[in-house]
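Encoded as structure tokens, the structure appears first; notes follow it.
Just follow the structure's listing: the first ligand is 1, and inside any ligand the first atom is 1.
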Amino acid sequence: MIVAANLKTNLTRKETREYVNAVENFALTNSLTQDIFVFPATSSLDTFETKVTVGAQNAYAVQNGAFTGEIGLDHLDEFGIKTILIGHSERRHILGETQELIAQKFNYFKELGFTIIYCVGEPLEKREAGTERMMEYIDAQYEGIDTNYEKLIIAYEPVWAIGTGLTPTNEDIVAIHTELKKKSLSPLLYGGSVKVNNAQEIMALENVDGVLVGSAALKVEDFCQMVTFAEELDKLV
Ligand code: PEP
């Protein structure tokens with residue numbers, strides 16, 4: 001199973017180091033074998049010698065250059081970062097990233113052999129428009145994306161569930177994940193208001209290969225608890 005923490009615009013570099021160390025120590029002490037990812041804020045990136053995979057929340061599809069406010073490959077290479085989150089709904093809907101730009105980033109980092117956690121998901125009005133319209137919307141988020149890329153992990157994150165405390169029903173998660181598995185056999189995470197009290201049952205659902213956690217991951221004990229749930233579920237298989 002895969003358990004990933006998106007720290008968003010939280011935790012300073014010092015706090016991030018403490019966070020990653022705490023997760024690493026927890027995983028070692030408890031002999032956990034899950035794939036753990038942490039995505040710190042850009043200015044908190046650093047060299048981490050740990051089994052926890054530290055990735056970037058964003059980078060521009062360039063080695064370096066005149067792209068004010070962005071970072072490029074050089075900045076990731078400095079810290080040995082080979083994992084990136086692409087297509088997150090906050091970048092699509094708040095920062096206005098288009099599918100074209102997202103696909104460009106995807107292809108750039110794919111060519112470099114990065115592990116890519118690629119996010120898809122519908123806003124509420126698309127869900128309310130019915131399954132067909134919703135799936136059309138999600139389908140468009142696969143445009144320009146190589147769904148057979150061997151280092152691809154997909155995260156299904158309904159926009160209306162992110163940071164709201166709302167989640168789809170378990171039946172809805174299974175239905176959408178089953179559809180998305182037809183598009184790509186890559187590991188498929190669920191994200192959107194995953195917390196300690198629902199992580200276990202969500203991870204146990206069919207076609208759910210792990211979770212991408214935002215707000216609830218900020219409490220490191222809670223994130224570690226979710227990794228433990230993943231470990232326990234793996235042992236049952
Ligand atoms: C996210 O931002 O990827 C996310 C899933 O956020 P939250 O867990 O806060 O809904």
| query | Quick one: does H88 get a heavy atom under 4.0 Å from ligand 1? | reply | yes
| G192 neighbourhood, listing ligand 1 atoms whose heavy-atom distance to it stays under 4.0 Å | 5 (C), 10 (O)
| Linked, directly or transitively: L185 and I176 (ILVMFWY side chains, under 4.5 Å) | no
| field | Element-labelled atoms of ligand 1 that are located less than 4.0 Å from some non-hydrogen atom of N6 | value | 1 (C), 2 (O), 3 (O)
| request: Pick out which of H88, K105, R92, Q104 makes a side-chain hydrogen bond (donor to acceptor under 3.5 Å, both in side chains) with E97. | output: K105
| ligand 1 atoms in contact with L212 (distance to a heavy atom under 4.0 Å) | 3 (O), 5 (C)
| field | Presence of salt bridge, D172 and R127, under 4.0 angstrom | value | yes
| query | Quick one: nearest non-hydrogen protein atom to atom 9 (O) of ligand 1, plus distance? | reply | S215 OG, 2.3 Å
| field | Short N-O contact, E18 and K14, less than 4.0 angstrom | value | yes
| task | Report yes or no: does E90 contribute a side-chain atom to a donor-acceptor pair with the main-chain N or O of L95 at less than 3.5 Å? | result | no
| For ligand 1, the portion of I162 having any non-hydrogen atom under 4.0 Å away | both
| said: Check D222 with K195, please: is the shortest side-chain N to carboxylate O separation under 4.0 Å? | reply: no
| field | Those atoms of ligand 1 less than 4.0 Å from some heavy atom in G163 | value | 7 (P), 9 (O), 10 (O)
| Tell me: protein heavy atom nearest atom 8 (O) of ligand 1, and distance? | G214 N, 2.8 Å
| query | Looking only at protein heavy atoms, which one is nearest to atom 5 (C) of ligand 1, and how far off is it? | reply | E157 OE2, 3.0 Å
| field | contact_flag S193 ligand 1 heavy-atom lt 4.0 Å | value | yes
| field | Residue part near ligand 1, for A161, under 4.0 Å between non-hydrogen atoms | value | backbone
| What residue among I117, I84, T53, L7 forms side chain to side chain contact (heavy atoms under 4.5 Å, CB included) with F39? | I117
| Are the charged groups of D35 and K51 less than 4.0 angstrom apart, N to O? | no
| Among all protein non-hydrogen atoms, which one is nearest to atom 2 (O) of ligand 1, and what is the separation to 0.1 Å? | K8 NZ, 2.6 Å
